[in-house]
Amino acid sequence: MRVLITGSSGQIGTNVGLALLKRGDQVQGIDLRPNTWTSELPTIECDLAKCAPGELPAVGRFDAVLHLAAHAKVFELVEHPERALENVQVSFTVLEYCRRNETPVVFGSSREVYGDIHRHITDESQADFVVAESPYSASKIAGEAFIYSYAQCYNLPYLVFRFSNVYGRYDCDIAHLERVIPLFIRRIAAGEQIVVFGPEKVLDFTYVDDCVDGVLRGLDALVAGRISRSTINLACGQGSTLVDVVNLISLALRKEARARYEPTRSGEVTHYVADITQARQLLGYQPQTPLTAGIPRGIEWQRETGVLADL
Ligand SMILES: NC(=O)c1ccc[n+]([C@@H]2O[C@H](COP(=O)([O-])OP(=O)(O)OC[C@H]3O[C@@H](n4cnc5c(N)ncnc54)[C@H](O)[C@@H]3O)[C@@H](O)[C@H]2O)c1
């Protein structure tokens with residue numbers, strides 16, 4: 001199949017793009033920035049926020065668009081809410097492209113659409129949009145809402161994935177995006193202090209290979225027409241606290257963590273464990289890697305690629 005990936009230089013885009021190429025599919029990427037991990041992914045450098053709706057620079061027809069481009073850092077968007085609006089504009093531009101070219105869309109949404117689930121509700125039907133926790137959540141809710149309206153009015157086939165804390169490979173470009181696991185790995189390895197915002201937070205961490213497996217299964221099902229209007233939690237289905245994360249990293253690195261604990265920051269989700277029944281039933285998805293196995297693997301990958309070599 002031919003897949004157009006927006007946000008192809010990012011963590012999920014790079015991992016999925018390379019996996020598609022590996023199994024013989026064709027990929028065209030679009031991103032603001034070049035891909036700093038690999039030269040294998042053909043990438044058109046373009047700010048999608050500056051494209052007219054429906055006008056993407058890609059040439060030819062695609063079997064699906066995997067729309068991942070977004071400003072993806074929750075706290076950054078609390079400080080710069082205009083970037084959340086840009087996310088919505090970009091999603092609109094991409095959706096218009098899909099409508100005009102009759103191309104199914106897979107959208108990279110987030111568990112953030114559930115808000116802060118103090119109530120511990122996790123299946124897909126329970127998203128309650130009056131509890132949008134942050135401008136980032138609002139941008140994902142808006143993206144989803146446009147997709148559902150395009151399905152209603154223009155019969156656009158879609159698959160929305162609600163991702164949750166993906167980690168393990170191509171995720172440690174700290175200058176681009178500070179993700180909690182790679183940040184803690186780097187700091188603990190360097191003997192530096194870490195600040196844990198909300199040590200009691202329970203989150204669902206998804207090992208990258210499980211995420212890639214789910215996305216490929218979803219793309220295949222959508223392109224084959226086995227699904228056409230689905231919204232699916234893609235996660236591990238297990239909750240872990242940030243203290244668990246710190247302890248597992250510390251154990252894998254054989255280094256004691258120097259941690260300072262602070263309250264959760266504004267806009268952050270404090271409890272999320274995904275119900276992955278739909279992913280299992282619709283896609284045959286079966287996550288293989290719990291956090292206890294994924295953290296050592298992520299550290300191993302960082303060592304092999306030299307990211308931790310100097311520490
Ligand atoms: N990784 C996760 O744990 C996670 C969790 C929930 C949701 N998501 C969502 O999944 C998608 C992919 O996540 P990721 O971790 O790969 O993010 P990422 O930040 O690594 O990648 C996103 C990419 O989008 C690009 N981009 C942003 N604005 C753009 C624009 N205007 N034009 C062109 N490119 C633009 C960025 O340059 C970046 O390379 C994002 O939409 C994110 O919000 C990810």
Side-chain angles (χ1 to χ4, degrees), residues 1-48 56-58 62 64-74 76 87 90 94 106-108 110 161 163-190 205-216 218-219 234 249 252-253 288-289 291 293-311:
M1 78 171 85
R2 285 196 84 211
V3 182
L4 179 63
I5 303 182
T6 72
S8 55
S9 301
Q11 181 206 14
I12 297 176
T14 301
N15 279 293
V16 172
L18 289 176
L20 284 166
L21 289 180
K22 198 171 166 192
R23 66 175 208 178
D25 294 309
Q26 291 175 47
V27 175
Q28 176 63 63
I30 302 181
D31 204 294
L32 272 179
R33 343 169 264 143
N35 195 307
T36 52
W37 303 110
T38 175
S39 54
E40 283 179 51
L41 277 180
T43 306
I44 299 169
E45 277 177 57
C46 164
D47 181 353
L48 290 166
L56 301 189
F62 296 91
V65 174
L66 174 58
H67 173 42
L68 301 170
H71 300 292
K73 197 173 162 189
V74 174
E76 177 192 302
N87 283 351
V90 166
V94 171
V106 178
F107 177 50
S110 168
F161 276 125
F163 298 125
S164 176
N165 288 85
V166 183
Y167 71 97
R169 202 167 47 240
Y170 307 128
D171 59 348
C172 48
D173 179 0
I174 305 279
H176 164 61
L177 210 165
E178 267 185 14
R179 300 172 206 265
V180 67
I181 289 182
L183 181 70
F184 284 0
I185 291 173
R186 166 155 284 273
R187 291 248 166 98
I188 294 171
F205 294 92
T206 316
Y207 185 65
V208 61
D209 285 347
D210 289 329
C211 173
V212 169
D213 175 61
V215 173
L216 295 194
L219 274 166
L234 203 66
I249 294 173
L253 289 171
Q288 302 293 318
T289 311
L291 198 63
I295 284 195
R297 263 185 231 175
I299 290 174
E300 200 46 45
W301 177 80
Q302 290 203 22
R303 282 216 175 96
E304 279 165 12
T305 49
V307 180
L308 282 182
D310 51 335
L311 299 171

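Computation of the quantities below employed the complete heavy-atom set of this structure, encompassing side-chain atoms and omitting hydrogens, waters and symmetry-equivalent molecules.
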Student: Please examine the side chains of R23 and L20, heavy atoms only from C-beta on, and report whether any two atoms are closer than 4.5 Å.
Tutor: yes
Student: How long is the span from the CD atom in Q302 to the OG1 atom in T305, to the nearest 0.5 Å?
Tutor: 6.5 Å
Student: Please report the shortest heavy-atom distance between F62 and V3, naming the atom on each side.
Tutor: CD2-C, 3.7 Å
Student: Contact between Y167 and I185 at the side-chain level, heavy atoms closer than 4.5 Å - yes or no?
Tutor: no
Student: Give a yes or no on whether the ring-centroid distance for F161 and F107 is below 6.0 angstrom.
Tutor: no
Student: Show your working on side-chain contact (heavy atoms from CB on, under 4.5 Å) between I5 and V27 and close with a plain yes or no.
Tutor: CA-CA 7 Å; I5 303 182; V27 175; 3.7 Å; yes
Student: Kindly give the heavy-atom pair with the smallest separation between C172 and W37, and that separation in Å.
Tutor: SG-CH2, 3.9 Å
Student: When you compare the side chain of D171 with that of V166, does any pair of heavy atoms fall below 4.5 Å?
Tutor: no
Student: Scan L4, V215, T6 and name whichever one has a side-chain contact (heavy atoms from CB on, under 4.5 Å) with L66.
Tutor: V215
Student: What is the minimum heavy-atom distance between G168 and Y207, and which atoms define it?
Tutor: CA-CE1, 4.0 Å
Student: How about S8 and N35: do any of their side-chain heavy atoms sit closer than 4.5 Å?
Tutor: no
Student: Is it the case that over 12 heavy atoms from other parts of the model lie below 6.0 angstrom from the CD atom of E40?
Tutor: no
Student: Between L253 and R303, is there a side-chain heavy-atom distance shorter than 4.5 Å?
Tutor: yes
Student: Of the non-hydrogen atoms in C46 and P57, which two are nearest, and what is the gap between them?
Tutor: SG-CG, 3.8 Å
Student: CD1/I44 to CG/D31 distance, rounded to the nearest 0.5 angstrom?
Tutor: 11.5 Å
Student: Are the side chain of T206 and the backbone of S164 linked by a donor-acceptor contact shorter than 3.5 Å?
Tutor: yes
Student: Provide the closest heavy-atom pair for R33 versus T43 in the form atom of the first, atom of the second, distance.
Tutor: O-CG2, 4.2 Å
Student: Looking at every heavy atom in both F163 and G108, which two are closest together, and how far apart are they?
Tutor: CE1-CA, 3.6 Å
Student: Any heavy-atom pair between the side chains of Y170 and V208 that's under 4.5 Å?
Tutor: no
Student: Between Q288 (side chain) and D210 (backbone), is there a donor-acceptor pair under 3.5 Å?
Tutor: no
Student: Okay, side chain of N87, backbone of A70: is any donor-acceptor separation there less than 3.5 Å?
Tutor: no
Student: Within a strict 4.5 Å, meaning less than it, do heavy atoms of the D209 and R169 side chains meet?
Tutor: yes
